[in-house]
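See structure below.
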2 protein chains.
Amino acid sequence: MGRAPGAETDDAFSDRPRSTGPARLADVALAAGVSVATVSNVLNWPGKVGAATTERVRQAMEALDYVPHEGAARLRRGSSRSIGLVLPDVANAFYAHMARGAADAAFDHRYTLILCDSADDAEREEGYLAMLAEQRAAGAVVAPLGADTARLLRLRRRGVRLAVVDRAEPTTQSCSVSVDDVRGGRLAVEHLLALGHRDIALVNGALSIRQCADRYEGARQAVAHRPDVRLRQVNVDTMDAASGRAATAGLSGAAAPTAVFGTNDQLAIGVTQALLGGGRRVPDDVAVVGYGDLEIAPYGPVPLTTVAQPVYELGRAAVELMLDEIDQGDRHVHRAKVFAPELVVRQSAPAPR
Amino acid sequence: MGRAPGAETDDAFSDRPRSTGPARLADVALAAGVSVATVSNVLNWPGKVGAATTERVRQAMEALDYVPHEGAARLRRGSSRSIGLVLPDVANAFYAHMARGAADAAFDHRYTLILCDSADDAEREEGYLAMLAEQRAAGAVVAPLGADTARLLRLRRRGVRLAVVDRAEPTTQSCSVSVDDVRGGRLAVEHLLALGHRDIALVNGALSIRQCADRYEGARQAVAHRPDVRLRQVNVDTMDAASGRAATAGLSGAAAPTAVFGTNDQLAIGVTQALLGGGRRVPDDVAVVGYGDLEIAPYGPVPLTTVAQPVYELGRAAVELMLDEIDQGDRHVHRAKVFAPELVVRQSAPAPR
DNA sequence: CTGTTAGCGCTTTCAT
DNA sequence: ATGAAAGCGCTAACAG
C-alpha cells in the first residue's frame, strides 16, 4: 500500500497507473496491492515470495499485459546478456552458416545476438566495434577483416570480451576458433594420391591469404616424401569459376596433370567446366577436388569431391568460448580451438576402388 | 548504501571518480570542471556549448577513454534505436541475402540489428518476439514461419512496430514486402514459349505453399490463350535435386516435354542432371528454367536460366518501411511493396536466336 | 515473507 | 552558456 488512505488530492494521484504507455512494475504492484520489491521478486527470485502473493501478482501482470523492461533491468544490474557478431558478409554462405551456429548458441544461453555486417569495410567494422562498446555488449565474436588486431584489443580494454573466428590467434590474447587448413590441404592431396595420381595441379588463390598458404602447405606435406609425385601450383587472383576455367587452359596438352585440387569450390567447378568443355572426362581423365563444401559442391557439372569445414560449429564454438569467458571472469583461460576439416567424397574424385 | 547528504567528509568523497569500471559522464564532468549537463550537451547538442568548454570536455573524454552508455541514454530518452530481424534460417541463402539487405539498411540509419533465427520452430519464433518486446525494440522485421499472424499482431499491440517479409499482407495490418511470384512464373514460361516450346512440364512443390501456387498460376497465365501449348505439372514433396531427378523419370519416353520449368533451382538442376544422365542434351533436346538464382544456378551442369528475386532489396526495403513507421508515427500509412522478379538467361534456356 | 529506499548512467527542463 | 535536480524502470540491500 503506497499511500495514506485519507491523503490530499495530490497524493491520491501520485501512484495512479499512467494512462499512457505500457504498464510498469509499479503499476503491477499497485494492482496487486504489493510493493515493487515483491513484484520484482516473483520475476527474479520466485522462491522468496509466498504462493498466494505470487498468484495475485501474476494475475495483475496478466491483466495489465505487463512486459518487463529489459533495458532498465540491465542498467540496474550492470550486466548486458547480449553479444555482437561481427563479420564481413552474412550473404556469403561461409559466414551465413557461421551466423547460424552463433545464433543457436546465443539462443541456448538466452543471449541476444547483435548482427554487425562490416561489408568488407574496415571503417565500418571499426564503427560496429565502437557501437558494441557503447551498448555495453558482454562480448563480441569477430571474424576479422584484416590482420590488424590492434583495434580489437582496444575493444577488450573497454570491457567487451572478445573471441576471434577463422584466424588462429595466439591464445594469450583472446579465445579463437579456426579450421586446420593445412590438414585440409593434406586430406585433399592424400585422397588424390590414394587414387593413384602422380601428377597433381594445385589451383590456388594468392599465397598472401593465410588460408591459401595453409592449404598449399598441406598439399606440399602430402607429397613431401614422394619423389615420384609431381605437384605444381597455379595461382589466380580471384577465386571464382572464371579463374578456374582460365587456369585450366594452361594445364592441357600432352603434359597435363591427371588431377587438380582447386582450393575452393568455385575454382574447382570452373576447372571441371573447362575440362568437360575441352572434351575430357571427369573423373576418368582428370580427377578434381575442391574445398569448402558450401551449397554448390553437389550441384556442379560433376558432383564435387571436396573438403568440408565445420563452419556452423565454428560459430557455435566461438560464442560458447565467449560465454565461458563472461561467466568465468578471471578464472577463464583463453583457448584456441582448432577444428578438423573432412573430405566429402563425391564423383569428381571417387573413393579408391 | 548511498551517501548521507549532510555528512561533510562523506560528501567530499562522493563524486570522486570510481576507481573501478569504465568512466561515467560524471567522471568526465569532474575532470573537465563542468557539470554533467554540460558534458551531455557537448554529446547531444553541440551548438549549446561554448567552444572553449567543449574543448576541455573533449579532452577529458579522451583522457578517461570515455564511452557513452547507450543503454542508460535509452532508458532516459525512452527510444531504442534497435530492430529485430526474425527469420527461419540465416544459413539459407535466401534469408542470408535478406539479412544482408536488412543489415545494410539498419547500418545506414544507425540502428542496431538483433538477429533472431527461429530455426523453423514456431515456439522459438514466439520466444524471440517476446524477447523483442522486453528489449523495447523499436520494431521487428519478420519473415514469418506460418500463416498464423495472430502472434505478430500481439507484438504490435505491445509497442513493437512490425514489417512482414515474403508474404503479401493486407496493407491494413502492417507494412509488407514480397516478390511477385505469379509474374515470376509467367516470365519463365513466356521465355520457353518464345523459344518455340509447345510442350512444357512444370516441376513444382506442394501447392499449399503460397510461392508454389503463385508460380503455377503465373505459368498458367502464360499459356492461357494458347491452345496449341501443353502445360503439365508434376508435384514433389521436397524441393531438392533428388526430387528433380525423380520427377524427370516420369517425363521421358516418346511423349516427353521439350522444356521443363523447375520452381526452384535445386529442382531444376536435378532435372538437368537426370536429363544429361539419360543421354539427352540441354538445352538442345530439352530446355530447363529454374527459380531463385541463389548461388548454385551458374554452377550447375549447364549454367541455369532462372528467375532471380531481388532478395537483398527485400530485406532492405522491409527495414526502411519499418523505420518510416517509427519516424512518422501516426502519419505513417502501411504499404505493401511488391518486387518484380527478373529472368536471368543462361545456357539451359538461351535467348531466342 | 514483504516493504522502503537508494541508486544504475544518462537526458532534460528550469533556473541562473 | 552553464548548472542543479528530477527522474526513465528496475534491482537489491536492509529493515521490519
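Order of the sequence lines fixes the chain letters, A, B, ..., with proteins taken first and strands second; residue numbering starts at 1 for each chain.
Rounded to whole angstrom, the span from the CG atom of B:Asn44 across to the C1' atom of C:dT13 amounts to 15 Å. For A:Asp27 and D:dG9, the CG to P distance is 9 Å, given to the nearest whole Å. C:dA6 atom P lies 18 Å from atom CG of A:Leu75, rounded to whole Å. One interatomic measurement links the two molecules: CG of A:Leu43 to P of D:dT11, which rounds to 6 Å at whole-angstrom precision. The CD-P distance, from B:Glu134 to D:dC10, rounds to 11 Å in whole Å. D:dC8 atom C1' lies 17 Å from atom CD of B:Gln135, rounded to whole Å. Spacing between atom CD of A:Glu70 and atom C1' of D:dT11 amounts to 12 Å, rounded to whole angstrom units. Atom CG in A:Asn41 sits about 9 Å away from atom P in D:dA12, given to the nearest Å.
Among the atoms of the strands shown, base atoms are found under 4.0 Å from some heavy atom of A:Val36. Looking at heavy-atom distances under 4.0 Å, A:Gly78 makes no contact with the nucleic acid at all.
Residue B:Leu25 places its side chain closer to C:dT11 than to any other of D:dT11, D:dG3, C:dT11. When the nucleotides D:dC10, C:dT4, C:dC10 are ranked by their closest atom to the side chain of B:Ala72, C:dC10 comes out on top. Of the candidates C:dG3, C:dC10, D:dA1, the closest approach to any side-chain atom of B:Tyr66 belongs to C:dC10. Listed candidates were C:dC1, C:dC10, C:dT4. Nearest to the side chain of B:His69 is C:dC10. If you check D:dC10, D:dG9, C:dC10 against the side chain of B:Ala73, the one that comes closest is C:dC10. Closest to the side chain of A:Ala37, out of D:dA1, C:dG9, C:dG3, is C:dG3.
Atoms CD1 and NE2, from A:Ile326 and A:His332 in turn, are 10.0 Å apart once rounded to the nearest 0.5 Å.
Map A:Arg74 and B:Gly33 each onto its nearest nucleotide of DNA chain D; the residue landing nearer the 5' end is B:Gly33.
The backbone N or O of A:Cys175 lies less than 3.5 Å from no partner atom in the side chain of A:Glu325, so there is not a single donor-acceptor pair.
Residue B:Arg76 places a side-chain atom within donor-acceptor reach of the base of D:dG7, judged by atom type and a 3.5 Å distance cut-off alone.
Only one option out of B:Asp166, B:Leu85, B:Val177 pairs with B:Met98 in a side chain to side chain contact (heavy atoms under 4.5 Å, CB included); it is B:Leu85. When each of B:Val34, B:Val42, B:Val39 is checked for a side chain to side chain contact (heavy atoms under 4.5 Å, CB included) with B:Thr53, only B:Val34 meets the rule.
Taking 4.0 angstrom as the limit, A:Trp45 places a side-chain polar atom (N or O) nearer than this to OP1 or OP2 of D:dA12. Look at B:Thr53 and you'll find a side-chain N or O under 4.0 angstrom from OP1 or OP2 of D:dT2. OP1 or OP2 of D:dC10 has not a single side-chain nitrogen or oxygen of A:Ser40 nearer than 4.0 Å. Distances shown here put every side-chain N or O of B:Ser35 at or beyond 4.0 Å from the OP1 or OP2 atom of D:dT2.
Considering all non-hydrogen atoms of both residues, B:Ala317 and B:Lys337 come closest at CB-CD, 4.3 Å.
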What verdict does the side-chain hydrogen bond (donor to acceptor under 3.5 Å, both in side chains) test give for A:Ser82 and A:Gln135, after you've listed the backbone C-alpha separation in whole Å, the side-chain angles of each residue and the deciding distance to 0.1 Å? CA-CA 9 Å; A:Ser82 75; A:Gln135 305 275 342; over 6 Å; no
